[in-house]
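Notes follow the structure.
Note that the structure is predicted; figures quoted are calculated from it, not measured.
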Amino acid sequence: VQVSGAPGFPPARIIKESKLKPGQELTQGRLENALSRLRKFYRKRNYLEASVGVSQLRHRPQSNRVLVELAVNAGPLVEIRLQGAKIGRGKRRDLLPFYEEGTVDADLVREGENNLRNYLQQKGRLEAEVTAQLREGPDHQKVTVEYQIAPGPKHEVALVEITGNKYFNREALRERMLVAEAGLVGPGRYSRDYLNRDMEAIRSLYVANGFLHVQVSSEVIANYRGKEGDLAVKIHIQEGAQVLVRELRIEGNREVPSEELMGLVACGPGQPYSEFNVLLDRDTLLAHYFNQGLREATFVSEAHPAAGEPKRMDLVYRISEGARRYVDRVLVSGLGTTRRHIVEQQVLLEPEKPLSQLDLLETQRRLYDLGVFQKVDMAVENADGEERYKKVLIHMAEARPWTLSVGGGADIARFGGDSESLAAVEGQTGFSPRLSFDVTRLNFRGLNHTLAFKSRLSTLQKRALLT
């Protein structure tokens, strides 16, 4: 194993942290685990922009060994300071995006600023202000992000009120809201961002149900009913008129009957009209076509106000079906111990049958459910080509067959009670060590059978079980 780049630590330390050792079997999983360890190593030491990868793998045929070269660049040391409020390390990692993104830039600094402000507002610091500064050291060796926090006084949400709603009851709207009244467990939940999200969620709900011109407004009242620190949030809804579908026509369908398609749509006659429901119909109809081998199907919709009826809408769905695709053959690879017929029993795709997207996904799910495969990849050969008959490729990686579990412990209790002797009815306090040893063999003889041996040994009990 070799190290290239600017790791910032001695190469021997990097190799040790990777846990790659000469003589080990080289697998993709071992390499990925090594890179993951190194990323954690750098992030733990605040090198958040560190880059880790494999620059080359050189095979030596004479010894059948591979030289692994790790490309490692530590990047700058990142120092993050929070002034004015105490926020724990774990919560910092949740609120500041640098740890997840692995980089520091002005956009992420602003995102962290907003996250901190919203967090404080959720805790009742409704007037909290957060400002940030990003400073880079010489030669970009160190980056400092400093947040100045002014928490402000603590408030409590005394009231959340919704008015003007007629189509939806209060409970249906409240379950979609983040803003909440104070209760036994806290001062309630409020932030400007939460309120804006709630208003948009309510508006989207109404629009999806045909209220195309709904208006949602809000009012925030400080020192509610004269009590300092109390807050009231009032949301007012003007629903407007509900628009319904008067007529729906489906055009261009030849392979699938209109009656079958009409049973799948949400924007049928008499139903609320919205662009959201039209998009839902598009996804539903195209999925239905894909599952019948018509993978080139396209969907276009048109909507027009009904003549003389301002609260009604006429819809047209135009479908171009394309050519149907069929299964030519199903090719299976990657099997080691597993018998082929075990896999074939789970495959729903058959030659000469339509190439169904649902059957592809269901076959993959069933193969995973066997519990003997670590990975199942499925693909259609030349999926975008014009051939009517397509080969389906299934490649599997088998899971590790053996599982070993060893455990130990002890029992301290009263042992050996004697019901015939009043002096030792409860027994005497004793110490009993115990040892457990379990071995499990998955996919025994390649037949998807599990062989398990479980044992327990102690001074009180000796037990072995084979299943």
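Counting non-hydrogen atoms of neighbouring residues, nucleotides and ligands closer than 6.0 angstrom, the NE2 atom of His236 exceeds 12 such neighbours. Other residues, nucleotides and ligands contribute over 12 non-hydrogen atoms within 6.0 Å of the CZ atom of Arg365. Atom CZ of Phe276 sits in a sparse spot, with 12 or fewer heavy atoms from other residues, nucleotides or ligands closer than 6.0 Å. Within a 6.0 Å sphere centred on CD of Gln24, heavy atoms belonging to other residues, nucleotides or ligands number more than 12. Heavy-atom neighbours of Glu136 CD from other residues, nucleotides or ligands within 6.0 Å: above the threshold of 12.
Take Asp359 and apply the side-chain hydrogen bond (donor to acceptor under 3.5 Å, both in side chains) test, not counting sequence neighbours, and it matches no residue. With sequence neighbours left out, the side-chain hydrogen bond (donor to acceptor under 3.5 Å, both in side chains) criterion links Glu251 to Arg249, Arg318. Here Phe168 pairs with Tyr206 under the ring pair (Phe, Tyr, Trp, His ring centres under 6.0 Å) rule; sequence neighbours left out. Every residue two or more places apart in sequence or in another chain that forms a side chain to side chain contact (heavy atoms under 4.5 Å, CB included) with Arg192 is listed here: Arg117, Gln121, Glu129, Tyr190. For the ring pair (Phe, Tyr, Trp, His ring centres under 6.0 Å) test, no residue two or more places apart in sequence or in another chain qualifies with Phe444. Under the side chain to side chain contact (heavy atoms under 4.5 Å, CB included) criterion, Arg60 pairs with Gln62, Ser63, Leu67, not counting sequence neighbours. Qualifying side-chain hydrogen bond (donor to acceptor under 3.5 Å, both in side chains) partners for Asp283, counting only residues two or more places apart in sequence or in other chains: none. A search for side-chain hydrogen bond (donor to acceptor under 3.5 Å, both in side chains) contacts involving Arg45 returns nothing, not counting sequence neighbours. With sequence neighbours excluded, the residues that form a side chain to side chain contact (heavy atoms under 4.5 Å, CB included) with Glu200 are Arg203, Ser204.
For Tyr42 and Phe9, the gap between ring centers is short of 6.0 Å.
A distance-only check finds a donor-acceptor pair linking the side chain of Lys390 to the backbone of Gly385 [under 3.5 Å]. Side-chain atoms of Asn115 come within 3.5 Å of backbone atoms of Leu95 as a donor-acceptor pair (strictly under, hydrogens ignored). In this structure, Asn291 contributes its side chain and Leu358 its backbone to a donor-acceptor pair below 3.5 Å. Side-chain atoms of Arg282 never come within 3.5 Å of backbone atoms of Thr298 as a donor-acceptor pair (strictly under, hydrogens ignored). Formation of a donor-acceptor pair under 3.5 Å by the Arg176 side chain with backbone atoms of Ala172 is found in this model. With Asn73 contributing its side chain and Ala6 its backbone, the two residues share a donor-acceptor pair below 3.5 Å. Formation of a donor-acceptor pair under 3.5 Å by the Glu239 side chain with backbone atoms of Lys166 is found in this model. The backbone N or O of Asn118 sits nowhere less than 3.5 Å from a side-chain atom of Asp193 that would complete a donor-acceptor pair. A donor-acceptor pair is defined here as one N or O able to donate and one able to accept, closer than 3.5 Å; such a pair exists between the side chain of Arg30 and the backbone of Glu25. No side-chain donor-acceptor contact under 3.5 Å links Glu69 to the backbone of Ser55.
Atom CG of Asp328 is separated from atom NZ of Lys391 by 4.5 Å, given to the nearest 0.5 angstrom. Rounded to the nearest 0.5 Å, atoms CG (Leu261) and CD1 (Ile250) are 5.0 Å apart. To the nearest 0.5 Å, atoms CD1 (Ile87) and CG (Asp94) are separated by 11.0 Å.
The side-chain heavy atoms of Ile149 and Thr131, taken from C-beta on, include no pair separated by under 4.5 Å. Between Glu100 and Pro97 the shortest side-chain heavy-atom distance does not fall below 4.5 Å. Between Val233 and Glu161 there is no side-chain heavy-atom pair separated by less than 4.5 Å. Between Glu17 and Arg37, the closest side-chain pair of non-hydrogen atoms is not below 4.5 Å.
Between the side chains of Thr284 and Asp281, not a single donor N or O lies within less than 3.5 Å of an accepting N or O. No side-chain donor-acceptor contact under 3.5 Å links Ser274 and Asn209. For the residue pair Asn382 and Glu387, a side-chain donor N or O sits within less than 3.5 Å of a side-chain acceptor on the partner.
Between Tyr47 and Pro76, the shortest heavy-atom distance links the atoms CD2-O, 3.8 Å. The two residues Pro272 and Gln242 have their closest heavy-atom pair at CG-NE2, 3.7 Å. Of all heavy-atom pairs between Leu367 and Gln346, the closest is CD2-CB, 3.8 Å.
Residue pairs satisfying the ring-ring contact (aromatic ring centres under 6.0 Å, His included) criterion with at least one member in residues 307-333, sequence neighbours excluded, are listed as follows: Phe299-Tyr317, Tyr326-Tyr389. Sorted by first and then second residue, the ring-ring contact (aromatic ring centres under 6.0 Å, His included) pairs involving residues 329-386 (not counting sequence neighbours) form an empty list.
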task = Begin with the C-alpha distance, continue with both residues' side-chain angles, and end with the deciding distance and a verdict on side chain to side chain contact (heavy atoms under 4.5 Å, CB included) for Met262 and Glu259.
result = CA-CA 5 Å; Met262 289 292 288; Glu259 294 77 11; 5.8 Å; no
query = Could you go step by step and tell me if Thr363 and Val330 meet the side chain to side chain contact (heavy atoms under 4.5 Å, CB included) rule?
reply = CA-CA 11 Å; Thr363 295; Val330 179; over 6 Å; no
request  = Please assess Thr103 against Phe98 for the test side chain to side chain contact (heavy atoms under 4.5 Å, CB included), listing each intermediate value before the final yes or no.
outcome  = CA-CA 6 Å; Thr103 187; Phe98 318 115; over 6 Å; no
task = Carefully, step by step, assess Met378 and Leu393 under the rule side chain to side chain contact (heavy atoms under 4.5 Å, CB included).
result = CA-CA 6 Å; Met378 301 189 64; Leu393 312 176; over 6 Å; no
task = Take Thr338 and Asn443, measure what side chain to side chain donor-acceptor pair (under 3.5 Å) needs, and give me the verdict at the end.
result = CA-CA 7 Å; Thr338 309; Asn443 201 16; 2.7 Å; yes
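With respect to Asp107 and Arg110, a salt bridge is recorded, a charged nitrogen being found less than 4.0 Å from a carboxylate O. Under the 4.0 Å criterion applied to side-chain N and carboxylate O atoms, Glu296 and Arg325 are assigned as salt-bridge partners. Using a 4.0 Å cut-off between charged side-chain N and carboxylate O, Asp438 and Lys454 make no salt bridge. Using a 4.0 Å cut-off between charged side-chain N and carboxylate O, Arg324 and Glu255 make a salt bridge.
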All N/O donor-acceptor pairs, side-chain side in residues 303-312, below 3.5 Å, sequence neighbours left out:
unit_1 : atom_1 : unit_2 : atom_2 : d
His304 : NE2    : Glu302 : OE1    : 3.4
Glu309 : OE2    : Arg246 : NH1    : 3.4

